[in-house]
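One structure is given here, and the rest of the page talks about it.
These figures come from a predicted structure and were not determined experimentally. Count residues from 1 along the sequence.
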Amino acid sequence: MSLRTPVGYRWPTPADARRRPSRLAHKPLRPTMADQGLSDIKGVSEEDQKMIENIETMMGPEPEDMGFIKNAFWGRLRDDLLFPYPQEGDEERERCDALLEELEAYLENEHPRVEIDQEQYIPEWVIDRLFDMGVMGMIIPEEYGGLGLGVTSYNRVLEMIGRYCASTAVMVSAHQSIGCKAIVMFGTEEQKEKYLPLVAREELSAFCLSEPNVGSDAAAQESFSVKTDDGDYILNGEKKWSTSGAMSGLCTVMCKNMVPNPETGELEQQGVNALIVTPDMDGVEVFEKNRAKTGIRGTWQARFRFNDVRVPEENVLHEEGAGLKVALSCLNYGRCTLSAGVTGAAKAARDQGIKWAQTRYQFERPLADFELVKQKIARMSAVTYAMDAMLYMMTGLLDQGEDDIMVETAITKVFCSDFGWNVIDEALQVMGGEGYMTEHELERAWRDNRIHGIVEGSNEVMQSFIFAYGGKQLAEKMVSIQEALLWDSDESIGDNLSRILTAATTPAVIKKALPMGAQLFLGLKPRAPEINGVHPALQEQADTLASLVQKHSHYFKLVSKWEREDVVKHQAQQARVADNAIYLFALASSLSKMDDQLRSGEFGPEFERDRAAFEYLFEWFRRKIHRNFGRMRDNADESMRDAAEAARAHSDTLPNDDFYIHEGSPLGRDAGKEHPQEHIPQFEGEGEDPRAVDREPGDTDDLDLDEMVDDMTEPVDRGDGAPEESTAAPNPEDN
């Protein structure tokens, strides 16, 4: 991809973008009548209400300015975030190019990618070599021994590694995106000076978030820490799926922050802590170093047990109780680097698949002559173009310091993990039986990259997140109008009439309600946004995108109207809206990238491939979006739910002992069929496996919580007869 600047043209800087007034308003409306939160929707089950409250707490406050996707839900288009297509400075790109040249030579000629997969480990010399090249310290500032590269450069490196070896890409990503990154972003100066030089040049780092009962529900930690009188924290609990945990020199551990209530003496949760834990601390046990897996077999995922681990007060990251901000911020970077790895693998698979189709003959002509194979070639080309455009649009926004990007990073992760694996699958199909053979290496990429739709937030969870948080502010406006003007069967006739009459005579309510009512009941949609200044050759695609944004907002409102409170649990509808938002971001990013390529004067076979792929992408995705619009109104969801419930009822008649049951099930850790271990490599660690004893996650060995709470809540004599007030930490939510 060329990044040449046209003669006489100066690329705007992030500062320019912030100074430039947008042609379209993009800030949230500031009505005088407060919009109600999603957790205030009436008619929602207690379980769903609690889920919404937990998620809203976990996400934290909304940024002041809404990002690209949130504006798209309102029917607005922030072209100031799209154009020009983001790029690094010349010096940064030159530094990254030099690293890529050295890295590519190593990956092509020395890296033992087949051995890593077959033997299920990454040799120590490989890790040392990556440290020596600076690959393991790319995101760490130079003053602490790293390379100090930006997000875009970092992802370019991950993309290249992903072309060759997904196991290595995952190890490098986990070390930096969610391991080191927590200290880079939130560490104190003392923490940075102590730990960053170590992880930049010598030691791996790990991130401990998942637990037996904690996957996508990150706020439901069972591990916990309690602060002692001397300021240290006592940590207890279990963690699993910690990449490189068994080999790491430090871990960032997420746990509940438990604080004694001075009135009841009971421990109560006040947020989540992020603690820096090192393996030499007493009570840290790695009782399972790894498990045999389908793909990314060279990576090791550790399982930890923390037994009354004393963590010094200075090892708290960010603030006490504010650890979820650390976790969620790191996951934004992890979702990008995951996307970079699968983008590299998908591009390699695309090229291999097309070359095979060109050179494999059947019926006296190449496979590429057959239209169904041409369809696969076109789709692989279009999808990889969009993946590249979206990935580096996202990294550019991160490099520019944009605040409201959480929905966009989720979209990038879903799109790249889903479509990227589909590209690899299509290439394997083109190669037929030979593609399934180990020596062609494509089957390894096929196995390796299947995991990406599961990790860093499963794609199904991400679809619901994109729907809920992409449209959150608009949904809150709609809820507030509904609560103000519609009849509530839980209220008396007098209360209903009084409320509705008051609202109907309030200018702020009417100003919001009339346009919404005209759209939902009369079909009068707001005018579509405009995209001006795009390259003249792309005006047709720009107009298509603007029209699709208008319709996306309209159908989000219609779905909310049709489903009402049931939209919280009808995730099939959520997924259709979310998928359309994903397609819109893919089209918007691709439009910006092609605009950049045209203005840069690119030409030749590679550019012609990109241009044709871009044009096909718009035709293809426009139809996919409209198909989803139709399915929002005409679908088989009701019979789907009936079929699922009938299948669940039948499942309940089958004996649990015949099936594998998750260890976090309420049935207990030993429920279900025993896992076979013979002939499957085992990676046992040290210490007692808590699954072998009758102890729940979070139980402690020696910590006397009652005594600790008594000590912490016991009044202290001030010397004047007045008892000392409790020093319990304040709830961060009270601030």
In terms of ring plane angle, is the pair [X] and [Y] parallel, tilted or perpendicular, where the classes change at 30° and 60°?
| X | Y | answer |
| --- | --- | --- |
| F629 | H626 | perpendicular |
| F621 | Y583 | tilted |
| F73 | H552 | perpendicular |

For residues [X] and [Y], determine if any side-chain heavy atom of one lies less than 4.5 Å from a side-chain heavy atom of the other.
| X | Y | value |
| --- | --- | --- |
| N628 | K624 | no |
| F68 | L77 | yes |
| K557 | L474 | yes |
| Y616 | R379 | yes |

Distance-minimising heavy-atom pair for [X] and [Y]:
| X | Y | value |
| --- | --- | --- |
| C416 | M387 | O-CE, 3.7 Å |
| M390 | I582 | CE-O, 4.0 Å |
| C336 | L391 | O-CD1, 3.5 Å |
| Q473 | K70 | OE1-CD, 3.8 Å |
| K413 | N459 | NZ-OD1, 2.7 Å |
| A410 | M462 | CB-SD, 3.7 Å |

Ionic contact status for [Y] with [X], cut-off 4.0 Å:
| X | Y | answer |
| --- | --- | --- |
| E619 | R623 | yes |
| R78 | D65 | no |
| R576 | D637 | yes |

*Can E159 and T343 be said to form a side-chain hydrogen bond (donor to acceptor under 3.5 Å, both in side chains), step by step?*
CA-CA 6 Å; E159 181 189 333; T343 296; over 6 Å; no
Is [X] reaching over with its side chain to a backbone N or O of [Y], donor-acceptor style, under 3.5 angstrom?
| X | Y | value |
| --- | --- | --- |
| S589 | A586 | no |
| S248 | S244 | yes |
| Q573 | V567 | no |

I'd like to know if the side chain of [X] pairs up with that of [Y] as donor and acceptor (distance under 3.5 Å, no hydrogens or angles considered).
| X | Y | value |
| --- | --- | --- |
| D399 | T152 | yes |
| Q574 | S464 | yes |
| N71 | R76 | yes |
| S177 | Y154 | yes |

Interatomic spacing from [atom1] in [X] to [atom2] in [Y] - rounded to 0.5 Å:
| X | Y | atom1 | atom2 | value |
| --- | --- | --- | --- | --- |
| I161 | S167 | CD1 | OG | 12.0 Å |
| S590 | D595 | OG | CG | 12.0 Å |
| H570 | N635 | NE2 | CG | 10.0 Å |
| F467 | D579 | CZ | CG | 12.0 Å |
| D596 | F83 | CG | CZ | 10.5 Å |
| N155 | I139 | CG | CD1 | 11.0 Å |

*L538 and F614: side-chain contact (heavy atoms from CB on, under 4.5 Å), yes or no, with the steps?*
CA-CA 10 Å; L538 303 177; F614 165 80; 3.6 Å; yes
*Decide yes or no on side-chain contact (heavy atoms from CB on, under 4.5 Å) for V272 and K325, but give the supporting numbers first.*
CA-CA 9 Å; V272 170; K325 182 176 181 180; over 6 Å; no
_Under 6.0 Å from the ring centre and within 45 degrees of the ring axis: does the NZ or CZ of K593 meet both conditions for the six-membered ring of Y392?_
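No, K593 does not sit over the ring of Y392.
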*Evaluate the side-chain contact (heavy atoms from CB on, under 4.5 Å) criterion for residues L545 and L584: first the C-alpha distance (whole Å), next the side-chain angles of each, then the deciding distance (0.1 Å), finally the verdict.*
CA-CA 7 Å; L545 175 63; L584 287 175; 4.1 Å; yes
*Counting heavy atoms not belonging to W421, are there more than 12 under 6.0 Å from its CH2?*
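For W421, atom CH2 is crowded (more than 12 foreign heavy atoms under 6.0 Å).
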*Does the pair K347 and V423 meet the rule for a side-chain contact (heavy atoms from CB on, under 4.5 Å), with working shown?*
CA-CA 8 Å; K347 288 180 180 179; V423 167; over 6 Å; no
*So among T409, V414, V407, which one has a side chain to side chain contact (heavy atoms under 4.5 Å, CB included) with I411?*
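It is V407; the other options fail the test.
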